[in-house]
Amino acid sequence: MEKLTFYEQVYQVVHLIPSGRVTSYGAIASYLGTKGSSRMVGYAMNGVLKINSSIPAQRVVNRNGLLTGKFHFSSPELMQQLLELEGLEVKDDQIINFKSVFWDPAIELDLEK
DNA sequence: GAGGTGACTGCGA
DNA sequence: CTCGCAGCCACCT
């Protein structure tokens, strides 16, 4: 793990997000060590989506639980639809009970350690 | 090599 | 409460 770009690192973490859970860009950034650059996570997703559209990017939202990046999907409504299919509640582009479904890689992945 | 961009975040007014 | 500004860093042209 040295030649991997930020995109690939983000890709792996996002891919590890369990169904029905969501995380924030800041959480991923913090886990990757670049906590100061939460923007890079979102930027990475944009690039990763182009090379691999199978990534559950709908599980990645901003720290408010708001679907900020929904417009980057095939359709803006697709992101909310995917989240609802996973059992999440979305209202006004915002995830209901967000903290209850929040999945922090820095905690969940570091738990076994 | 340098400049521009961005799916964020936190703090101040 | 809402709105605005600055910092942050990797990737692309």
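Letters go in sequence order (proteins before strands), and every chain restarts at 1. Heavy atoms only: backbone and side chains are in, while hydrogens, waters and symmetry mates are out.
The CG-C1' distance, from Asn64(A) to dA7(B), rounds to 14 Å in whole Å. Across the protein-nucleic acid pair, Tyr25(A) atom OH and dG10(B) atom P stand 14 Å apart, rounded to whole Å. To the nearest angstrom, C1' of dC8(B) lies 20 Å from OH of Tyr31(A). Between the CG atom of Asn62(A) and the P atom of dA7(B) there is a distance of 12 Å, given to the nearest Å. Summarising the geometry, the separation between CE on Met45(A) and C1' on dA7(B) is reported as 8 Å, rounded to the nearest angstrom. Rounded to an integer number of Å, the gap from CZ of Arg63(A) to P of dT9(B) is 7 Å.
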| said: Please encode protein proximity along nucleotides 7-13 of chain C as a string of B, S and -, counting only heavy-atom distances under 4.0 Å. | reply: BBBBB--

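Separating the CG atom in Asp104(A) from the OG atom in Ser24(A) is a distance of 7.0 Å, to the nearest 0.5 Å.
Within the structure, no pair that satisfies the ring-ring contact (aromatic ring centres under 6.0 Å, His included) test touches residues 57-92 of chain A, not counting sequence neighbours.
No close placement of the Tyr7(A) and Tyr11(A) rings is indicated, their centers lying 6.0 Å or farther apart.
At the heavy-atom level, Asn46(A) lies under 4.0 Å from base atoms of the strands shown. Nucleic acid contact class of Ala29(A) (heavy atoms, under 4.0 Å, all strands): none.
Comment: Glu86(A) engages Arg59(A) in a salt bridge, judged by a side-chain N to carboxylate O separation of less than 4.0 angstrom.
For Gln12(A) and Glu8(A), the side-chain atoms include no donor-acceptor pair closer than 3.5 Å.
Formation of a donor-acceptor pair under 3.5 Å by the Tyr25(A) side chain with backbone atoms of Arg63(A) is not found in this model.
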